[in-house]
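I have placed the structure first, in the form of structure tokens, so that the comments after it can refer back to it.
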Amino acid sequence: MQRNDIRLASQHHIMRVTLLQTDITWASPDANRENVNGLLASNEGSDLYVLPEMWTTGFATVPEGIAESEGKSLEWMKAKAQEMGAALSGSVATAVTTGDGKTSYFNRHYFVRPDGNYHIYDKRHLFGYGGEDKYYDRGNERVTVDYKGWRWLLLTCYDLRFPVWSRNRMDYDGIIIVANWPTSRRRVWDILLRARAIENQCVVLAANRVGADQRCLYDGGSMVVDARGRVIGSCEDGKQGACTAEISLTDLRQFRQKFDVLRDRDEFDL
């Protein structure tokens, strides 16, 4: 990219984003980190990389013996973010032990910056149908992240079904949602991603997995959706891979200004 092109991209707040649609090896963090290593090496040059939910283990509803402490995977994400000069986002089944020896489990969504600093969002809507609520503690804090001029709301999988929690209060420009969303409910995934983008006038970055675990099959559907509900980047169904798209904050702001739906939004407290 020439210097004038760099200046123009900066002026338009263009961000290059990559979704990683991985086939997750059950309860094998080392193998899954190595797998992502290969995908990252083949898709360099983005500002932000998004991984699926519980990308190091698969969707472990019974976390004992599987969940990680805040250790290897977080440190790996920090090292890769620094190495690539890009942010990484994805969730990890995380065990947190307090001073009294009690262990709590969280489906913890990390957003890791290139400088090693990171943000945490603990999944609020635990998937009771699959038993996630029996072992994990839910989060109660809505988390937005400022990065390269963009403001991102962090969500995890089942959160997608709950529009009140994700309602845009004019405090974000895009949603990052990481998931293990099964093939059997794929139509719902496709519809809700577009709905969240349209109703909140925002970009949606959605990374889902492929493959299978003990309960479900997964066919991906990872996609980038713009504020008009158009898919501007997507991964191939049923296959591990990556997709990259460029998103413009200037275009988003102009669309919001021209057709200001959010001005008429309902006010509420949660």
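Because only heavy atoms are used, hydrogens play no part in the values below, and waters and symmetry mates are left out as well, while side chains stay in. Residues: numbered from 1 along the sequence shown.
In this structure, Tyr147 has its ring center closer than 6.0 angstrom to the ring center of Phe111.
We find that Lys78 and Asp115 are not joined by a salt bridge, their nearest charged nitrogen and carboxylate oxygen being 4.0 Å or further apart. A salt bridge does not link Asp266 to Arg167: none of the charged side-chain nitrogens sits closer than 4.0 Å to a carboxylate oxygen. Ion pairing between Arg187 and Asp190 fails under the 4.0 Å rule for side-chain N and carboxylate O. Classification of Glu75 and Lys72 as a salt-bridged pair fails, no side-chain N sitting under 4.0 Å from a carboxylate O. Salt bridge status for Asp146 with Arg151: absent, with no side-chain N to carboxylate O gap under 4.0 Å. Remark: Arg108 engages Asp122 in a salt bridge, criterion side-chain N to carboxylate O under 4.0 Å.
A side chain to side chain contact (heavy atoms under 4.5 Å, CB included) with Leu153 is found for exactly one of Asp171, Thr144, Val145, Asn168, namely Thr144.
Side chains of Thr94 and Glu68: a donor-acceptor N/O pair is absent below 3.5 angstrom, by distance only. A donor and an acceptor atom, one from each side chain of Glu53 and Asn208, are nowhere located under 3.5 Å apart.
For Gln21 (side chain) and Gly241 (main-chain N/O), no donor-acceptor pair under 3.5 Å exists by modelled atom type. A donor-acceptor pair under 3.5 Å is absent between the side-chain atoms of Tyr135 and the main chain of Glu132, judged by distance alone. Using modelled atom types, one side-chain atom of Asp159 and one backbone atom of Thr156 make a donor-acceptor pair closer than 3.5 Å.
Going from atom CD1 of Ile177 over to atom CG of Leu19 covers 12.0 Å, rounded to the nearest 0.5 Å. To the nearest 0.5 Å, the span separating CG on Leu192 from CZ on Phe162 amounts to 10.0 Å. Of the inter-residue distances, the one linking Asp173 atom CG with Ile247 atom CD1 reads 9.0 Å to the nearest 0.5 angstrom. Interatomic distance, Arg138 CZ to Arg124 CZ, rounded to the nearest 0.5 Å: 4.0 Å. The distance from atom CZ of Arg209 to atom CD1 of Ile24, rounded to the nearest 0.5 Å, is 4.5 Å.
For the pair Thr22/Val36, a side-chain contact is recorded, criterion being any heavy-atom separation below 4.5 Å from C-beta on.
Residues that satisfy the salt bridge (charged side-chain N to carboxylate O under 4.0 Å, His left out) test with Glu267, not counting sequence neighbours, are Arg265.
Sequence neighbours left out, the pairs with a member in residues 210-223 that pass salt bridge (charged side-chain N to carboxylate O under 4.0 Å, His left out) are Arg186-Asp219. For residues 59-105, every residue pair satisfying the ring-ring contact (aromatic ring centres under 6.0 Å, His included) rule, not counting sequence neighbours, is listed here: Trp55-Trp76.
The 12-atom threshold is exceeded at CZ of Phe255, counting heavy atoms of other residues, nucleotides or ligands nearer than 6.0 Å.
The aromatic rings of Trp152 and Trp150 sit parallel to each other, their planes meeting at less than 30°, with 60° as the upper class boundary.
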